[in-house]
Amino acid sequence: MASALTPQQLSETHRPTLDRALDVISTRAYWSPHPEHPKAYGEGGAPGSLGAAEGKAAFDALLGTRLDLGQPGTDGWAGGEVSPYGPELGIEYPHVDPDVLLPAMKAGTAAWRAAGPEIRALVCLEILSRISARTHELAHAVMHTSGQAFMMAFQAGGPHAQDRGLEAVAYAYREQVRTPENADWAKPQGKRDPLKLHKSFITSGRGVALVIGCNTFPTWNGYPGLFASLATGNPVLVKPHPRAVLPLALTVAIAREVLGEAGFDPNLVALAVERPGEGIAKALAVRPEVRIIDYTGSTAFGVWLEENARQAQVYTEKAGVNTIVIDSTDDYRGMLANLAFSLSLYSGQMCTTPQNLLIPRDGIATDDGVKSYDDVVADLSAAVTGLLGDDARASALLGALVNPDVRARLEAAGGLGEVALPSRTVANAEFPDAAVRTPVVVKLDGTKPDDGAAYFSECFGPVSFAVAVESTSAALDLLRRTIREQGAMTVGAYTTSPEVERAVEDVCLDESAQLSLNLTGGVYVNQTAAFSDFHGSGGNPAANAALCDAAFVANRFRVVEVRRQA
């Protein structure tokens, strides 16, 4: 059938965006083509985009319906999502037979490969453009599956996730075009005629890519792998977390629509949902057709994938223990405010949220005088209390606890040590059934083995440990051991000493951990910007890949050479 999206249309619309993305991944400057403000969409905003009311109406219209994607191998229906804010979504999704779906997904790969890196990239940008136009709708989908507050769901689940997807496309395109498509080769033979060959170099995907989604950031964590694999020529099977299907199901629906309009097989992107207790991720991960896996989630399953899915390239983001070293500061109030926000955002349910705060027992030097360990802990607790004192403001920052496991960890944390800041229940006026809790801060002793058992493993959620250490040197030793053995997605430090700053930097360079120093303003250790910041390093146990660098995309394809006699 004739395609509604021609290569010329795709190039005219999206090539400038691709070129700009290629530029900024080299300069690392700030840039985003996806507006962060909700008013940028709808009437008077981006053309063709849904405004606030339209997006909410589109989301509401999905509730209690069956989302039929027209996928081969559909053998039933599955669903059961319940919003962390209380309501049941009541949406059913196609359950598939992989023996039917996977061959159908592979059927379109020859044409997708033949399209070449540029057309693949431009089709991916069209998909992202249509996702962007539905940001308001997707924001509600992210909010009611992850528990993020609306503004965070809008930004992190919308434009920030789309930026990460575009970033992956740019890296994928750049790596694929490093090798020319054609070359004429001639080897001199002295008095004889030279040996001549014409060589073609074709980028070819590895095979079916499996994206295993997470509950907390289904789009932000899902889009890099999805678009990196699709742009490098691989069909992509998306297996969402059973509690967060809708955001990725809508993404798959949009991708299938665009692929069809561009003249490609829609089955290059498909959805695999599971029935309660089915656990299909393990079965899919070891299928011979699956040659790439992207996973975000628990360490236990991430390690299982790395050890058992031997036929696939496996990219994992697992658990880590993020640490802040507090040595000294010339902006004590700014430090406290920055840390309070970092601990509170989305109830600490981010893989980048600080957990361990390492504070010298004898105190720290500040612009407000010397502050003892107890002073720092008390003042930080007061800063969190002040930030979250108003329930409406607190709800907008905290969102809701994503699942009962997080609540159980929060409630158990008080038994691990002296509670400096108890958690309190926050009332959400719009969603009274939402489980909203403020963070707990627990005081622990860095010299006691029993306390170490608590802070030396991840306690995912709104739980932070103020760990008293003998000195900054002891803090750096503990930091090194933590990163090496447990991993860290982020590290932060506060110091006015150039020597301490260099020492912290050396630890993070040695152990491959991303470091933020002396953040006291509106940038927080648990936030990273696409095109500029690397999310994770791939060099410590928290993750074996970084979002996004050349290593994240380069092994998703191979270059196949065809030589012809000239």
Side-chain angles (χ1 to χ4, degrees), residues 81 84 145-148 210-222 224-226 238-245 247-248 272-274 276-286 290 292-310 312-323 346-356 401-413 416 453-465 482-490 513 526 535-547:
E81 292 157 293
T145 52
S146 71
Q148 295 176 32
L210 175 65
V211 175
I212 303 175
C214 69
N215 194 174
T216 48
F217 289 89
T219 55
W220 198 99
N221 278 106
L226 191 166
V238 179
K239 204 297 289 183
H241 191 284
R243 292 194 183 102
V245 179
L248 290 177
V273 298
E274 56 189 304
E278 186 178 10
I280 62 172
K282 277 190 174 183
L284 290 172
V286 296
V290 171
I292 301 167
I293 298 173
D294 286 276
Y295 167 76
T296 301
S298 72
T299 295
F301 191 56
V303 170
W304 186 93
L305 289 169
E306 292 166 353
E307 293 178 348
N308 290 277
R310 307 307 288 262
Q313 293 295 127
V314 180
Y315 301 89
T316 58
E317 181 188 312
K318 307 185 290 288
V321 177
N322 302 317
T323 301
Y346 184 33
S347 300
Q349 298 170 125
M350 304 174 69
C351 62
T352 49
T353 300
Q355 175 179 297
N356 293 346
L401 300 186
V402 68
N403 60 52
D405 292 340
V406 175
R407 181 173 177 174
R409 281 192 292 271
L410 171 62
E411 293 174 348
L416 299 175
Y455 65 71
F456 204 60
S457 60
E458 186 190 43
C459 189
F460 184 76
V463 179
S464 293
F465 300 116
T482 301
I483 302 170
R484 181 176 296 173
E485 298 182 23
Q486 301 298 317
M489 294 299 292
T490 54
N526 39 356
H535 176 75
S537 71
N540 68 64
N544 72 1
L547 303 180

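Computed from a predicted model, the values in this text were never measured in an experiment.
Between the side chain of Ser347 and the backbone N or O of Leu401 there is no donor-acceptor pair closer than 3.5 Å. A donor-acceptor contact shorter than 3.5 Å is absent between the side chain of Asp405 and the backbone of Ala408. Between the side chain of Asn215 and the backbone N or O of Thr145 there is at least one donor-acceptor pair closer than 3.5 Å. In this structure, Asn544 contributes its side chain and Val314 its backbone to a donor-acceptor pair below 3.5 Å. A distance-only check finds a donor-acceptor pair linking the side chain of Thr490 to the backbone of Thr352 [under 3.5 Å]. In this structure, the side chain of Asn322 engages the main chain of Met489 through a donor-acceptor pair within 3.5 Å. Side chain of Glu81 to backbone of Val245: a donor-acceptor contact under 3.5 angstrom is found. With hydrogens and angles ignored, the 3.5 Å screen pairs no side-chain donor or acceptor of Gln349 with any backbone N or O of Thr216. No donor-acceptor distance shorter than 3.5 angstrom exists from the side chain of Asn540 to the backbone of Ile483, with no hydrogens or angles considered. Not a single donor-acceptor pair under 3.5 Å links the side chain of Glu274 to the backbone N or O of Ala281.
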Query - Stepwise side chain to side chain contact (heavy atoms under 4.5 Å, CB included) check, Gln486 with Gln355 - result: CA-CA 12 Å; Gln486 301 298 317; Gln355 175 179 297; over 6 Å; no
Requested in this report: Report the C-alpha separation of Ile292 and Tyr315 in whole Å, then their side-chain angles, then the decisive distance to 0.1 Å, and conclude whether the side chain to side chain contact (heavy atoms under 4.5 Å, CB included) test is met.
Outcome: CA-CA 8 Å; Ile292 301 167; Tyr315 301 89; 4.0 Å; yes
Report task. Could you walk me through whether Val463 and Leu416 pass the side chain to side chain contact (heavy atoms under 4.5 Å, CB included) test, one step at a time? Result -> CA-CA 11 Å; Val463 179; Leu416 299 175; 5.7 Å; no
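Here the straight-line distance linking atom OG1 of Thr482 with atom CZ of Arg484 works out to 11.0 Å at 0.5 Å rounding. Rounded to the nearest 0.5 angstrom, Cys214 SG and Leu248 CG are separated by 8.5 Å. With rounding to the nearest 0.5 Å, the separation of CG in Leu284 from CD1 in Ile212 is 8.0 Å. To the nearest 0.5 Å, atom OG1 of residue Thr316 and atom CH2 of residue Trp304 are 13.5 Å apart. In this structure, CG in Leu210 is found 8.5 Å from CG in Leu305, a value given to the nearest 0.5 Å. With values rounded to the nearest 0.5 angstrom, Thr296 atom OG1 is found 4.5 Å from Glu317 atom CD.
The salt bridge (Lys or Arg N to Asp or Glu O under 4.0 Å) contacts involving residues 296-305 comprise nothing, where partners must be two or more places apart or lie in separate chains.
Two residues are said to be in side-chain contact when any heavy atoms from C-beta on lie closer than 4.5 Å; Pro462 and Thr353 fail this criterion. Using a 4.5 Å cut-off on side-chain heavy atoms (C-beta onward), Phe460 and Ser298 make no contact. Annotation: side chain of His535 is in contact with side chain of Cys351 (closest heavy-atom distance under 4.5 Å). For the pair Asn526/Tyr346, no side-chain contact is recorded, criterion being any heavy-atom separation below 4.5 Å from C-beta on. A 4.5 Å side-chain heavy-atom check between His241 and Pro218 finds every atom pair outside the cut-off. Looking at heavy atoms from C-beta onward, Glu485 lies out of side-chain contact with Val321 at the 4.5 angstrom threshold.
When all heavy atoms of Ala272 and Pro240 are compared, the pair lying nearest together is O-CD, 3.3 Å. Minimum heavy-atom separation, Ala309 to Ile293: CB-CD1, 3.6 Å. Among all heavy-atom pairs drawn from Pro247 and Thr219, the shortest one is CB-CG2, 3.9 Å. The shortest non-hydrogen separation linking Cys459 to Phe465 is CB-CE1, 4.2 Å. A pairwise comparison of heavy atoms in Val406 and Val402 identifies CG2-CG1, 3.9 Å as the closest pair. In terms of heavy atoms, Ala488 sits closest to Ala542 at N-CB, 3.5 Å.
Between Phe217 and Trp220, the ring-plane angle classifies as perpendicular under the 30° and 60° cut-offs.
The local environment of CZ in Arg409 is crowded, with over 12 non-hydrogen atoms from other residues, nucleotides or ligands closer than 6.0 Å.
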